[in-house]
Amino acid sequence: MSFREFKEHVKKCVEIAIGEAEYPMIDFEPIEPPRPEFGDLSVNVAFIIANKLGLNPLEVAEIIGDKLRIPEDSLIEDFEVHKLGYINFKVRYPYLAYRSILDAISKEDYGSLNIGKGKKVCIEHTSVNPNKALHIGHVRNLVIGDSIYRILKFTGYDVQVLNYVDDSGLQIADIVTGFKYAGFSLEPPEGMKFDHYCGDEVYVKVNELYSKRPELIIKQKEVLRAIEEGKSEIAIFAKELTKKILKEQLKTCWRIGAVYDCLNFESHIIEARLWDLLFNKIKDKGIVQFVKEGKLSGCWVIKMEGEKDEKVLVRSDGTLTYIAKDIPYAAWKIGLIEDPFQYDVFVRQPNGKDLWSTVSGKGREDHPTFGNSDLAITVIDVRQSRLQKIISYVLSLLEGGLGKKYLHLGYEVVSLSKKTADELGIMVKDKEFIHMSGRKGIYINADDILDALHKKAYEETKKRNPNESEEWLNNIAEKIALSALRFDLIKQDLDKMIIFDLNESLNLEGETGPYVQYAHARAASIIQKAGVIPKITLDSASSLNDPVELELIKMVSKFDLYVEDAVKNLSPKTIARYAYQLATNFNAFYEKKPVLQEKDEMKREARIALVQAFKNVVKNAFSLLGIETPDRI
RNA sequence: GGGCCCGUGGCCUAGUAUGGAUUAGGGCGUCAGCCUGCGGAGCUGGAGGUCGUGGGUUCAAAUCCCACCGGGCCCGCCA
């Protein structure tokens, strides 16, 4: 924690010096210099002030330097005015080492912050149509959403996770048509998960059949109408079917490590007439207009500032468009309409937490409060950006200064590399990748990737642990597989497309989750062999003075700064990069500095404590990404 | 046609929000090394760079502005 103190201390001292020198006060942040010989923090205030007043930066820096008063015994050991005009500060390493190692080995929640102060946030992610299995693209969504959820929780937000289930769309009608009119059996082949069966066999093949058997399209339309109207035998069948698929999907989600608070079914949004609850408010505020003439005659539309075309919300026949269903749902999330839903427990999750869902008819009274958040975050890929922008726009007009906010967290899609597509028997012309499509069968299922990763990890683990039981090996292999997958999908920026290549993703070395897990396991092994309770004193901390030790200490002490960055920018990759860098620092330390063999007792004690500190921090960092760190792998 | 995003060695990527330090960090791959030391899923070193192109702003540009090129996405009374 104390790198933050060091930083604040530097800022304060410089501010006082600027005042003493009677320069105008400016806004600045101490930054980390590019090279260690420039110290641990640096300020460039002299440039800014010099620029403003037309002075020479070096002279300004020297005057500020003259005025700088560093209290005795503070976290700042020394400072230096560089000839270019920077003022560089050196941290007092014994203090930094002592405080951060002590915190890291003694505080369970080391790195946590109270930024949220209990503010209520709901985050929606996963939201896979319940007619197929999760593919790699859905996993990116889940991993982003679940990581953000964990980071928000770690920083003092009161977070609920929602998973939207579109159980009334055309995709559902497709598989119902397959089962009812195209002769598909309700029993999947031996050993095949039901969601895989529905997606890989029924959904894809029914869509192929439409061109050969046009009568099926008629049936599909009938099915869709029946589903929308509810009550009929077909509608009940559809409902049971989607529930069955959803339960299989959830198994995959849990396998990847996600948990949810509530499932929101689209059919219940329609049933609850959510739109009607909102429509008058929107009309009163003049957000929507009724079109009297032209080609949109008879429609209710919305026109956004700066947009050319208006968007239809209510068709001329009175039915609602897609976005008209989304707006009231979004409004419900941030409490702009009263909660009209009934709830019941859908299933108990593996972590023991109940998963609630909206229900048709009467639900339970004792449900938690859902919706009515201060902030709603919706994780959907960038193709939805325009529609999401309209939703944010409408809600911002509607919320009336309550400080409620709707936020779209977009990310680029995952596509398949040509090589992986070839291996799956998918033709790719001219390009190095192909966009996925559930309907066309162009995708790779999450479970299949995990199985492949599991197999690879199992082999590696068995090599290293030949005498361990199958159960142990499989348990560890699964954790390594998840680490590889989750880390791979979270480490890069959200707005970069991922071209997924199965072969490359099977790599467990280098900038990967397993690399970090391995460093953690090395640390765990040292601690276990040390057989003592790690402890640190100011004296022993002072003995840590090799550059590899200092770098590791500094990285440990900066954890909360990275956490803050991650939450402020909703950027989980920040945590992934931090964990990787931390592990790299540890490995460098591990190579260079013996711990258990160290003869000097004080040094040994300090190094054991540093190892324990690293172990705890990397564990906390990885837990924010939903990745476990076993003591042995 | 309008809008959004991306472009950094053979491949992938950090840094871009808030412009700064004559070595632009990593990883994969490649080449050469490193344990009779706590786990080699590791470590050290080498080769490999017009930060898409051109202009502008600035004492200073991968970072800001403009134009262009290349790639992706979105723009329905579908969802």
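We name chains A, B, ... by the order of the sequence lines, and we start the count at 1 in each one.
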With heavy atoms under 4.0 Å as the rule, sort [X] into base, sugar-phosphate or nothing.
{"X": "Gln517(A)", "value": "nothing"}
{"X": "Ser297(A)", "value": "base"}
{"X": "Leu170(A)", "value": "nothing"}
{"X": "Leu387(A)", "value": "base"}
{"X": "Asn44(A)", "value": "base"}
{"X": "Asp493(A)", "value": "sugar-phosphate"}
{"X": "Thr319(A)", "value": "nothing"}
{"X": "Glu310(A)", "value": "nothing"}
{"X": "Asn569(A)", "value": "base"}
{"X": "Asn88(A)", "value": "base"}

>> Between Phe433(A) and Phe500(A) (judged by ring centroids, cut-off 6.0 Å), do the two rings come close enough to count as a pair?
In response: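 When the ring centroids of Phe433(A) and Phe500(A) are compared, they turn out to be at least 6.0 Å apart.
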> Are Tyr406(A) and His408(A) close enough that their ring centers fall under 6.0 Å?
Replying inline: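 Not close enough - the centres of the two rings lie 6.0 Å or further apart.
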Whole-Å gap separating [atom2] ([N]) and [atom1] ([X]):
{"X": "Ile498(A)", "N": "C5(B)", "atom1": "CD1", "atom2": "C1'", "value": "15 Å"}
{"X": "Glu412(A)", "N": "C5(B)", "atom1": "CD", "atom2": "P", "value": "11 Å"}
{"X": "Trp275(A)", "N": "C77(B)", "atom1": "CH2", "atom2": "P", "value": "15 Å"}
{"X": "Glu504(A)", "N": "G29(B)", "atom1": "CD", "atom2": "C1'", "value": "10 Å"}
{"X": "Leu58(A)", "N": "A21(B)", "atom1": "CG", "atom2": "C1'", "value": "14 Å"}
{"X": "Glu37(A)", "N": "U22(B)", "atom1": "CD", "atom2": "C1'", "value": "13 Å"}
{"X": "Glu511(A)", "N": "U13(B)", "atom1": "CD", "atom2": "P", "value": "11 Å"}
{"X": "Arg577(A)", "N": "A14(B)", "atom1": "CZ", "atom2": "P", "value": "6 Å"}

Check whether [X] reaches the backbone of [Y] with its side chain - one donor and one acceptor, N or O, closer than 3.5 Å.
{"X": "Arg604(A)", "Y": "Leu596(A)", "answer": "no"}
{"X": "Thr319(A)", "Y": "Arg315(A)", "answer": "no"}
{"X": "Asn207(A)", "Y": "Tyr203(A)", "answer": "yes"}
{"X": "Ser525(A)", "Y": "Ala521(A)", "answer": "no"}
{"X": "Lys311(A)", "Y": "Ile390(A)", "answer": "no"}
{"X": "Ser297(A)", "Y": "Lys292(A)", "answer": "yes"}

> Between A14(B), A79(B), G26(B), which one does the side chain of Gln384(A) approach most closely?
Replying inline: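 It is A79(B).
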> With respect to the side chain of Arg35(A), which nucleotide from A21(B), G26(B), U13(B) is positioned closest?
Replying inline: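 Taking heavy atoms from C-beta onward, the closest nucleotide is A21(B).
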> Is any side-chain N or O of Ser316(A) under 3.5 Å from a base N or O of C77(B), one able to act as donor and the other as acceptor?
Replying inline: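 Such a pair exists between side chain and base.
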Suppose you measure atom [atom1] in [N] against the same atom in [M]; what distance do you get, rounded to whole Å?
{"N": "A21(B)", "M": "A61(B)", "atom1": "P", "result": "10 Å"}
{"N": "A17(B)", "M": "A62(B)", "atom1": "P", "result": "12 Å"}
{"N": "G48(B)", "M": "G25(B)", "atom1": "C1'", "result": "16 Å"}
{"N": "U13(B)", "M": "G54(B)", "atom1": "C1'", "result": "27 Å"}
{"N": "G19(B)", "M": "C64(B)", "atom1": "P", "result": "9 Å"}
{"N": "A14(B)", "M": "C6(B)", "atom1": "P", "result": "11 Å"}
{"N": "G2(B)", "M": "G9(B)", "atom1": "C1'", "result": "37 Å"}
{"N": "U44(B)", "M": "C5(B)", "atom1": "C1'", "result": "40 Å"}

> Residues in side-chain hydrogen bond (donor to acceptor under 3.5 Å, both in side chains) with Glu412(A), at least two apart?
Replying inline: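 For Glu412(A), no residue satisfies side-chain hydrogen bond (donor to acceptor under 3.5 Å, both in side chains) once neighbours in sequence are set aside.
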Think [X] has a side-chain N or O under 4.0 angstrom from the OP1 or OP2 of [N]?
{"X": "Lys389(A)", "N": "C75(B)", "result": "no"}
{"X": "His435(A)", "N": "C73(B)", "result": "yes"}
{"X": "Lys311(A)", "N": "C74(B)", "result": "no"}

If [N] has a Watson-Crick or G-U wobble mate with both distances under 3.5 Å, name it; if not, just say none.
{"N": "G49(B)", "result": "none"}
{"N": "U44(B)", "result": "A32(B)"}
{"N": "A17(B)", "result": "none"}
{"N": "G1(B)", "result": "C75(B)"}

> Nearest nucleotide by nearest heavy atom, which residue falls closer to the 5' end of RNA chain B, Phe47(A) or Ala588(A)?
Replying inline: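 The residue closer to the strand's 5' end, by nearest nucleotide, is Phe47(A).
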> Nucleotide by nucleotide, 5' to 3', does protein get under 4.0 Å of the base (B), only the sugar-phosphate (S), or neither (-) in nucleotides 34-42 of chain B, counting heavy atoms?
Replying inline: ---SBBSBB
> To the nearest 0.5 Å, what is the distance between CZ (Phe279(A)) and CD1 (Ile327(A))?
Replying inline: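 The CD1 atom of Ile327(A) is 11.0 Å from CZ of Phe279(A), to the nearest 0.5 Å.
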